[in-house]
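The structure appears right after this line, and notes come after that.
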Amino acid sequence: VVSTQRHSVTFEIKKAEYVGLGVISDECTSFDSEFHRVRNSCVYYMTGIIYTNFPIHKKEDNAEKFVVGDFITINLDMWNHVVEFRLRNSIKCFSCSTAVRLRFAVVMKFDSEVALVGSSSEE
(Lines give C-alpha, C1' and ligand atoms only; values in the text may rest on other atoms or scores of the structure.)
Protein backbone atom coordinates (compact mmCIF):
# COMPACT_ATOMS: atom_id res chain seq x y z
CA VAL A 1 0.00 0.00 0.00
CA VAL A 2 1.39 3.37 -1.07
CA SER A 3 0.90 6.37 1.21
CA THR A 4 3.99 8.54 0.57
CA GLN A 5 6.72 9.11 -2.01
CA ARG A 6 6.70 8.44 -5.76
CA HIS A 7 6.15 4.98 -7.20
CA SER A 8 6.02 3.55 -10.70
CA VAL A 9 5.05 0.25 -12.32
CA THR A 10 5.29 -0.83 -15.95
CA PHE A 11 3.17 -3.54 -17.54
CA GLU A 12 3.44 -5.23 -20.91
CA ILE A 13 0.15 -6.12 -22.60
CA LYS A 14 0.25 -9.77 -23.71
CA LYS A 15 -3.47 -10.32 -24.42
CA ALA A 16 -6.08 -7.61 -24.03
CA GLU A 17 -9.58 -8.98 -24.34
CA TYR A 18 -10.52 -7.27 -21.06
CA VAL A 19 -7.80 -5.46 -19.10
CA GLY A 20 -7.86 -2.55 -16.68
CA LEU A 21 -4.78 -1.06 -15.00
CA GLY A 22 -4.65 1.59 -12.33
CA VAL A 23 -4.68 2.46 -8.67
CA ILE A 24 -7.32 1.72 -6.06
CA SER A 25 -7.90 2.75 -2.49
CA ASP A 26 -7.15 0.35 0.29
CA GLU A 27 -10.86 0.80 1.08
CA CYS A 28 -11.52 -1.68 -1.73
CA THR A 29 -12.14 -5.03 -0.09
CA SER A 30 -14.39 -6.67 -2.69
CA PHE A 31 -12.35 -8.04 -5.55
CA ASP A 32 -15.34 -9.38 -7.48
CA SER A 33 -16.47 -5.92 -8.61
CA GLU A 34 -14.97 -3.66 -11.25
CA PHE A 35 -12.46 -1.27 -9.73
CA HIS A 36 -13.83 1.82 -11.44
CA ARG A 37 -16.87 1.57 -9.18
CA VAL A 38 -14.67 1.87 -6.07
CA ARG A 39 -14.26 5.17 -4.22
CA ASN A 40 -10.78 6.70 -4.65
CA SER A 41 -9.75 4.75 -7.72
CA CYS A 42 -8.45 5.49 -11.19
CA VAL A 43 -8.52 2.76 -13.83
CA TYR A 44 -7.45 2.79 -17.50
CA TYR A 45 -9.24 0.17 -19.62
CA MET A 46 -8.06 -1.50 -22.84
CA THR A 47 -10.74 0.32 -24.84
CA GLY A 48 -9.22 3.74 -24.18
CA ILE A 49 -11.62 4.63 -21.37
CA ILE A 50 -10.34 5.99 -18.07
CA TYR A 51 -12.51 6.20 -14.97
CA THR A 52 -11.49 8.24 -11.97
CA ASN A 53 -13.24 8.59 -8.62
CA PHE A 54 -11.16 11.30 -6.93
CA PRO A 55 -13.49 12.43 -5.35
CA ILE A 56 -16.40 12.11 -7.81
CA HIS A 57 -16.96 9.65 -10.66
CA LYS A 58 -15.63 10.90 -14.02
CA LYS A 59 -15.15 9.16 -17.35
CA GLU A 60 -12.68 10.05 -20.10
CA ASP A 61 -13.11 8.12 -23.33
CA ASN A 62 -10.52 9.57 -25.71
CA ALA A 63 -7.38 7.81 -24.48
CA GLU A 64 -5.21 5.43 -26.53
CA LYS A 65 -6.46 1.84 -26.80
CA PHE A 66 -4.24 -1.01 -25.64
CA VAL A 67 -2.51 -3.08 -28.32
CA VAL A 68 -0.73 -6.38 -27.73
CA GLY A 69 2.94 -5.56 -27.10
CA ASP A 70 2.24 -2.15 -25.53
CA PHE A 71 4.09 -1.05 -22.41
CA ILE A 72 2.04 1.01 -19.97
CA THR A 73 3.65 2.85 -17.08
CA ILE A 74 1.66 4.08 -14.11
CA ASN A 75 3.37 6.77 -12.04
CA LEU A 76 1.91 7.57 -8.64
CA ASP A 77 3.14 10.68 -6.84
CA MET A 78 1.66 10.75 -3.35
CA TRP A 79 3.48 13.98 -2.45
CA ASN A 80 1.69 15.90 -5.21
CA HIS A 81 -1.35 13.57 -5.31
CA VAL A 82 -1.13 12.76 -9.02
CA VAL A 83 -1.54 9.51 -10.94
CA GLU A 84 -0.11 9.42 -14.46
CA PHE A 85 -0.54 6.86 -17.25
CA ARG A 86 2.07 6.64 -20.04
CA LEU A 87 1.17 4.66 -23.14
CA ARG A 88 3.19 5.06 -26.35
CA ASN A 89 3.36 8.84 -26.95
CA SER A 90 0.42 9.63 -24.69
CA ILE A 91 0.45 10.89 -21.09
CA LYS A 92 -2.75 11.18 -19.04
CA CYS A 93 -2.63 12.79 -15.57
CA PHE A 94 -5.30 12.80 -12.88
CA SER A 95 -5.53 14.23 -9.39
CA CYS A 96 -5.82 11.74 -6.55
CA SER A 97 -6.14 14.46 -3.93
CA THR A 98 -8.66 12.65 -1.72
CA ALA A 99 -6.59 9.47 -1.46
CA VAL A 100 -4.52 8.61 1.57
CA ARG A 101 -3.50 4.99 0.86
CA LEU A 102 -3.49 3.51 -2.64
CA ARG A 103 -2.29 0.33 -4.30
CA PHE A 104 -1.62 -0.59 -7.90
CA ALA A 105 -4.27 -2.86 -9.39
CA VAL A 106 -4.95 -5.00 -12.44
CA VAL A 107 -8.34 -6.34 -13.47
CA MET A 108 -8.53 -9.03 -16.17
CA LYS A 109 -11.30 -11.17 -17.63
CA PHE A 110 -11.60 -13.63 -20.48
CA ASP A 111 -8.46 -14.15 -22.59
CA SER A 112 -6.26 -11.43 -21.06
CA GLU A 113 -2.69 -11.35 -19.83
CA VAL A 114 -0.24 -8.69 -18.65
CA ALA A 115 3.32 -8.96 -17.38
CA LEU A 116 4.85 -6.75 -14.72
CA VAL A 117 8.12 -5.67 -16.33
CA GLY A 118 9.33 -2.98 -13.96
CA SER A 119 8.74 -1.08 -10.77
CA SER A 120 10.49 1.64 -8.81
CA SER A 121 10.14 3.88 -5.77
CA GLU A 122 11.67 7.30 -5.23
CA GLU A 123 12.19 9.03 -1.92
Could you grab the distance from atom CG of Asn75 to atom OG1 of Thr10, nearest 0.5 Å is fine?
7.5 Å
Consider only side-chain heavy atoms of I, L, V, M, F, W and Y, link residues closer than 4.5 Å, and tell whether Phe110 and Val114 are in one cluster.
yes
Quick one: closest heavy-atom pair of Thr73 and Ser8, and the distance?
CG2-OG, 3.4 Å
Which atoms form the tightest heavy-atom contact between Lys14 and Ala115, and what is the distance?
CE-CB, 3.8 Å
Rounded to the nearest 0.5 Å, the NZ atom of Lys65 sits from the CG atom of Asp70 at a distance of 13.0 Å
Heavy atoms of Asp77 and Arg6 approach each other most closely as OD2-NE, 3.0 Å
For Glu64, the side-chain hydrogen bond (donor to acceptor under 3.5 Å, both in side chains) test, sequence neighbours excluded, returns Arg88
d(Ile74 CD1, His7 NE2) to nearest 0.5 Å is 13.5 Å
Could you state the interatomic distance from NZ (Lys59) to CD1 (Ile50), rounded to the nearest 0.5 Å?
12.0 Å
Going by the side chain to side chain contact (heavy atoms under 4.5 Å, CB included) test, name the single residue among Val83, Ile49, Leu87 that passes it with Tyr44.
Leu87
Note: Val82 and Cys96 closest approach over all heavy atoms is N-SG, 3.5 Å
Is there a path of hydrophobic side-chain contacts, each under 4.5 Å between heavy atoms of I, L, V, M, F, W or Y residues, that connects Phe11 with Val67?
no
Rounded distance [0.5 Å steps], CD in Gln5 versus OG in Ser120:
11.0 Å
Heavy atoms, side chains only, cut-off 4.5 Å: are Glu60 and Phe94 in contact?
yes
Just verifying a value: how many Å separate Glu17 CD and Glu113 CD, rounded to the nearest 0.5 Å?
13.0 Å
Would you check if Ile13 and Leu21 make a side-chain contact, meaning some heavy-atom pair closer than 4.5 Å?
yes
Would you mind reporting whether Asn62 and Lys92 have side-chain heavy atoms less than 4.5 Å apart?
yes
Is the closest side-chain heavy-atom distance between Tyr45 and Phe66 below 4.5 Å?
no
Indicate, with yes or no, if Leu116 and Phe104 share a hydrophobic cluster defined by side-chain heavy-atom contacts under 4.5 Å among Ile, Leu, Val, Met, Phe, Trp and Tyr.
yes
By side-chain hydrogen bond (donor to acceptor under 3.5 Å, both in side chains), Ser112 pairs with (sequence neighbours left out) none
